[in-house]
Amino acid sequence: MPLSWNEIRDRAIAFSREWSEETSEDAEAKSFLDDFFNVFGVKRRRVATFETKVKKLDGKDGFIDMIWPGKILIEMKSRGKDLDRAHRQAKEYFPNLKDAELPQYILVCDFARFRLYDLDSGGVEEFKLKDFHKHVRLFAFILGLQAHTYKEQDPVNIEAAVRMGNLHDELRLVGYEGHDLEVFLVRLLFCLFADDTGIFDSGIFHEYIKNRTSEDGSDLGAKLDELFQILNQPKEKRLKNLDEDLAQFDYINGALFSERLRTSAFNAQMRRQLLVCCELDWSKISPAIFGALFQSIMDDKARRNIGAHYTSEKNILKLIKPLFLDELWSEFNKIGKNANKLRDFHDKLRTLRFLDPACGCGNFLVITYRELRLLELEVLRAAWSVPSPARSTQGMRAPGTAPTTRTTRQLALNVHELILLDVDQFYGIEIEEFPAQIAQVALWLVDHQMNTLVGQEFGQSFARIPLKTSAKIVNGNALRIDWASIVPRNELSYILGNPPFVGSKFLTDEQKADLQLVFSGIKNSGTLDLVTGWYVKAAHLIKDTRIVCAFVSTNSIVQGEQAGILWSELLHLGIKIHFAHRTFMWRNEASGMAAVHCVIVGFASIEPQRRTIFDYSDIKGEPHAIVAKNINPYLVDAPDVTLPSRQHPLCDVPEIGIGNQPIDGGHYLFTTEQRDTYLTSEPEAKPYFRRWIGSDELINGYERWCLWLGDCAPDELRKLVEAPKRIQAVRNFRLESKRAATRKIADTPTRFLVENMPKSAYLAIPEVSSERRPFIPIGFEQPETFASNLLKVMPNATPYHFGILSSTMHMAWVRATCGRLKSDYRYSKDIVYNNFPWPVSATDKQKQEIEKAANGVLETRKQFPNSTLADLYDPLSMPPALVKAHQALDKAVDAAYGKKSFASEAERVAYLFELYQQLTAPLMGVAGKKKPAKRSNAV
């Protein structure tokens with residue numbers, strides 16, 4: 001009899017212990033692999049051969065350590081050897097293997113590490129020997145089972161969506177559209193899925209369409225109407241003489257087929273489209289992914305980027321694992337085989353309730369339900385696969401019964417009654433009707449998939465038909481609905497989801513009104529993105545409860561001005577952040593898809609047992625977890641403070657402001673070539689040209705020029721011929737503006753709207769710069785050069801100021817607090833600069849050391865006269881001499897803050913926030929005397 005997964009895991013643990021001792025002898029490989037296969041109850045000698053001789057690519061003889069033809073090729077190496085090289089060696093054997101011998105998997109191993117390559121999916125999994133028991137299901141193929149994997153974008157889902165899209169188009173062309181079309185397509189989706197997954201007897205829907213409707217499609221609409229009525233009728237209430245092809249369909253219920261729709265009209269082509277849809281294997285369709293793909297076919301623009309409009313399972317798991325799933329698994333693993341605790345834990349799973357107040361097609365709810373059902377399956381395996389007091393079919397312990405074996409218990413089980421979890425534990429709000437309907441059906445579909453999986457495990461197939469329970473998905477505006485009216489607060493466990501990404505500048509009038517209702521009385525809320533409404537609604541609902549919430553959001557809510565406005569309100573409501581994913585790139589691999597820079601924030605009104613920050617060294621990569629003492633609104637381990645929009649610097653330092661803003665329609669700005677051409681016709685204008693720099697020009701060394709006529713005397717101006725034409729063009733441009741302020745300055749067309757022209761050298765700070773650079777490239781400029789409004793200008797700056805702003809300390813503050821354009825830094829005066837805590841306790845000597853080191857940076861730059869700031873500060877081309885100069889500067893700056901060094905950027909940020917708190921606290925003594933404590937520990 002095949003081993004249970006519990007038994008396999010126990011064997012894997014024993015195997016790991018036995019082979020954990022240091023060994024690198026090649027002679028041990030055979031014994032190692034024999035024991036490896038024995039973990040799964042398989043005799044290696046019966047299926048696989050050891051040291052098979054084969055020609056390699058170079059024509060030389062090689063020996064495959066082990067091959068199971070058609071299944072797996074294994075290459076063993078001594079402990080600590082290169083597994084990449086082992087993989088390349090394994091692939092060298094392929095050209096001289098017969099087609100039937102080519103494996104589906106390659107396993108490379110060095111006795112301490114396993115790396116498994118799935119050659120069909122392209123997946124790679126690596127783990128250590130000691131963790132083998134956690135990964136045994138990767139080797140389900142050894143037992144003849146299909147490994148359970150989830151792809152973010154399976155081609156079968158795309159193909160199904162495209163085919164349904166074609167049918168949708170054909171129906172809409174004949175005038176069948178709107179609500180009727182949407183409900184009709186959802187019903188077809190259910191029938192297609194039911195036909196291939198055991199809800200219906202296999203293939204009966206396909207056969208019904210193929211054999212009982214006319215080839216010209218003329219009666220197909222009526223035949224489908226008839227079928228939909230039958231699916232809504234209990235068998236005992238159907239006509240006694242009902243056609244047997246209809247009578248074989250089970251009663252579905254669930255209100256899915258209760259509404260009477262207009263009869264659709266098909267032709268021969270449309271009938272063929274439906275039959276093409278029937279030919280797909282719908283058992284391979286993922287309800288989690290297909291729903292959103294299906295929705296995208298309703299939008300012609302969305303369809304051009306099909307696949308771009310769903311949330312990947314990988315990203316959903318980033319939210320649900322720290323929200324509840326990891327904790328539940330941890331609790332389950334601690335229970336072991338204790339029957340009473342298993343029963344209590346199972347009962348607990350049934351009590352959980354989940355709300356997604358922006359559920360779309362239900363992706364988050366579907367994945368959540370699937371993961372809970374997989375956990376429930378493990379509970380059932382643990383409860384019924386080991387000797388323990390038997391239960392009745394109601395899940396209670398049967399009094400007076402003795403422990404029985406897995407076999408005898410399995411025969412007595414009624415699996416249907418063992419399953420406690422159901423779709424009625426899930427609630428959603430969706431503003432559009434069609435995705436709301438898809439969400440309801442998608443949960444039924446995944447429920448059936450999981451029922452099938454449980455049935456396979458226990459040898460009993462069953463379906464929950466007719467549908468007796470359903471998720472509660474409300475079609476409405478989540479920002480105007482009372483969420484407690486959908487699910488009572490005392491029953492709700494978790495709120496989760498992915499509210500819409502709409503920036504404040506792109507809100508419709510209706511969306512603005514929604515936010516005004518939510519943020520009533522909150523100052524400056526008009527600058528907030530739409531997603532913030534969900535945060536405030538959730539915060540009010542969960543106040544003084546144990547409900548925990550997590551949302552995916554654009555990173556704007558934890559940066560810049562929005563962070564201060566939103567989180568001041570949330571902190572006032574008693575919100576504590578439990579976990580957070582810092583900025584990462586939220587994307588799928590669909591063609592043409594725009595990446596979004598997102599965060600995930602988990603929060604509640606109760607204190608967490610543990611706070612975790614998931615940080616990304618590469619926003620496209622995987623995070624590493626950091627245990628934090630506190631997570632503040634900027635998602636750093638630091639005190640809960642919010643930064644106001646401050647008009648003047650917190651410390652005694654020079655003010656900064658934006659550069660010049662001409663509002664000239666481009667008539668005063670020139671490239672070098674344009675300037676030279678202009679001067680050939682009017683050389684007298686040469687004295688009035690000024691070098692013009694913005695962020696791009698400063699960083700990349702581009703040369704641009706500005707024709708500045710604001711200081712030109714009237715008599716000199718009248719001598720010019722071309723310049724007055726430019727002035728008139730600027731005047732006309734301003735007069736045509738819709739903004740009153742712009743029309744007003746048409747009266748002075750030679751002046752700029754904003755003029756910031758220092759009389760001496762000034763510091764130029766780019767407003768926007770790449771996050772790839774370790775430092776924002778700033779520099780001194782002379783008064784003859786005009787800075788545009790894309791630069792921040794600090795007049796009267798000294799090398800000391802340059803040194804502080806060019807330090808790692810300042811950059812840590814920038815990264816934590818600045819707004820972002822995509823992921824690029826957006827340096828602001830009121831939030832970043834004016835709130836920055838300078839080293840107020842620095843001595844004169846320490847300031848002199850900073851000036852000396854700052855001059856060292858500037859002098860080092862001069863060693864590379866042909867390099868732009870972009871060249872100098874590119875992390876791949878930054879000169880070692882400049883790196884060394886910045887290290888010396890950091891040492892001087894850190895000393896001024898009273899530190900020799902910091903262990904991490906997180907520690908720097910925590911220090912700065914605590915210093916900020918000291919500087920802003922009322923009645924506080926001299927700031928900086930207390931050194932903030934070390935904060936974070938990586939895990």
When you compare the side chain of [Y] with that of [X], does any pair of heavy atoms fall below 4.5 Å?
X: Asn756; Y: Pro758; answer: yes
X: Leu530; Y: Leu507; answer: yes
X: Cys598; Y: Thr583; answer: no
X: Trp838; Y: Leu805; answer: yes
X: Leu570; Y: Val536; answer: yes
X: Ser806; Y: Ile778; answer: yes
X: Arg751; Y: Ile745; answer: no
X: Leu635; Y: Ile577; answer: yes

For the pair [X] (side chain) and [Y] (backbone), establish whether a donor and an acceptor sit closer than 3.5 Å, ignoring hydrogens and angles.
X: Asp637; Y: Ile631; result: no
X: Tyr634; Y: Leu643; result: yes
X: Trp567; Y: Ile557; result: yes
X: Asn700; Y: Tyr702; result: no
X: Glu682; Y: Val721; result: yes
X: Tyr825; Y: Glu771; result: yes
X: Arg734; Y: Thr748; result: yes
X: His801; Y: Thr798; result: yes
X: Ser695; Y: Glu767; result: yes
X: Thr680; Y: Thr677; result: yes

field: Qualifying side-chain hydrogen bond (donor to acceptor under 3.5 Å, both in side chains) pairs, either residue in residues 650-669, two or more places apart
entry: His648-Glu655
query: Which residue pairs pass the side-chain hydrogen bond (donor to acceptor under 3.5 Å, both in side chains) test when at least one of the two sits in residues 782-791, sequence neighbours left out?
result: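 For residues 782-791, and leaving out neighbouring residues, the side-chain hydrogen bond (donor to acceptor under 3.5 Å, both in side chains) pairs sorted by first residue read Arg691-Thr785.
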field: Test log, rule side-chain hydrogen bond (donor to acceptor under 3.5 Å, both in side chains), inputs Tyr678 and Gln674
entry: CA-CA 6 Å; Tyr678 179 89; Gln674 290 168 340; over 6 Å; no
Cut-off 3.5 Å, side chains only: do [X] and [Y] have a donor facing an acceptor?
X: Ser553; Y: Tyr535; result: yes
X: Asp844; Y: Gln848; result: no
X: Glu907; Y: Tyr911; result: no
X: Asp529; Y: Thr532; result: no

field: Electrostatic pair Glu722:Lys725 at N-O distance under 4.0 angstrom
entry: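 So Glu722 pairs with Lys725 through a salt bridge.
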task: Inspect the contact between Glu905 and Arg815 and indicate whether a charged nitrogen and a carboxylate oxygen are less than 4.0 angstrom apart.
output: yes
- request: Measure up the His810 and Tyr827 rings against each other and bin them: parallel (under 30°), tilted (30 to 60°), perpendicular (over 60°).
  value: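 Taking Tyr827 first and then His810, their aromatic rings sit tilted (interplane angle of 30° to 60°).
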task: Evaluate the salt bridge (charged side-chain N to carboxylate O under 4.0 Å, His left out) criterion for residues Asp894 and Arg908: first the C-alpha distance (whole Å), next the side-chain angles of each, then the deciding distance (0.1 Å), finally the verdict.
output: CA-CA 9 Å; Asp894 289 352; Arg908 289 182 184 276; 2.8 Å; yes
- request: Check the pair Lys719, Glu684 against side-chain contact (heavy atoms from CB on, under 4.5 Å), reporting the backbone distance first and the verdict last.
  value: CA-CA 9 Å; Lys719 294 176 184 178; Glu684 297 83 3; over 6 Å; no
- prompt: Do other residues, nucleotides or ligands put more than 12 heavy atoms under 6.0 Å from Arg743 CZ?
  reply: yes
field: More than 12 heavy atoms from other groups under 6.0 Å of CG on Asn796
entry: no
Measure from the ring center of [X] to the ring center of [Y] and say whether it is less than 6.0 Å.
X: Phe752; Y: Trp708; answer: yes
X: Phe670; Y: Phe689; answer: yes
X: Phe584; Y: Phe614; answer: no
X: His597; Y: Tyr616; answer: no

Shortest non-hydrogen separation from [X] to [Y] and the atoms involved:
X: Ala885; Y: Gly856; value: CB-O, 4.1 Å
X: Ser769; Y: Ile699; value: CB-CD1, 4.0 Å
X: Pro654; Y: Pro795; value: CB-O, 3.9 Å
X: Asp830; Y: Ser645; value: CB-OG, 3.4 Å
X: Val840; Y: Cys651; value: CG1-SG, 3.7 Å
X: Leu515; Y: Leu528; value: CD1-O, 3.8 Å

What's the separation between atom [atom1] in [X] and atom [atom2] in [Y], rounded to the nearest 0.5 Å?
X: Asp890; Y: Ile850; atom1: CG; atom2: CD1; answer: 10.5 Å
X: Ile613; Y: His624; atom1: CD1; atom2: NE2; answer: 9.5 Å
X: Gln562; Y: Asn555; atom1: CD; atom2: CG; answer: 10.0 Å
X: Met811; Y: Phe775; atom1: CE; atom2: CZ; answer: 8.0 Å
X: Phe786; Y: Glu755; atom1: CZ; atom2: CD; answer: 8.5 Å
X: Glu703; Y: Thr672; atom1: CD; atom2: OG1; answer: 3.5 Å

field: side-chain contact (heavy atoms from CB on, under 4.5 Å) between Leu882 and Val857, worked out
entry: CA-CA 6 Å; Leu882 186 57; Val857 170; 4.0 Å; yes
Trace of the salt bridge (charged side-chain N to carboxylate O under 4.0 Å, His left out) decision for Glu849 with Lys852: CA-CA 5 Å; Glu849 289 298 319; Lys852 180 181 177 181; 5.0 Å; no
- prompt: Hey, mind stepping through Asn834 and Gln647 against side-chain contact (heavy atoms from CB on, under 4.5 Å) and telling me if it holds?
  reply: CA-CA 7 Å; Asn834 285 349; Gln647 297 302 307; 5.5 Å; no
- prompt: Of all residues at least two apart in sequence or in a different chain, which pass the ring-ring contact (aromatic ring centres under 6.0 Å, His included) check with Tyr800?
  reply: none
Worked check of side-chain contact (heavy atoms from CB on, under 4.5 Å) between Trp813 and Asn835: CA-CA 10 Å; Trp813 179 262; Asn835 283 301; 4.0 Å; yes
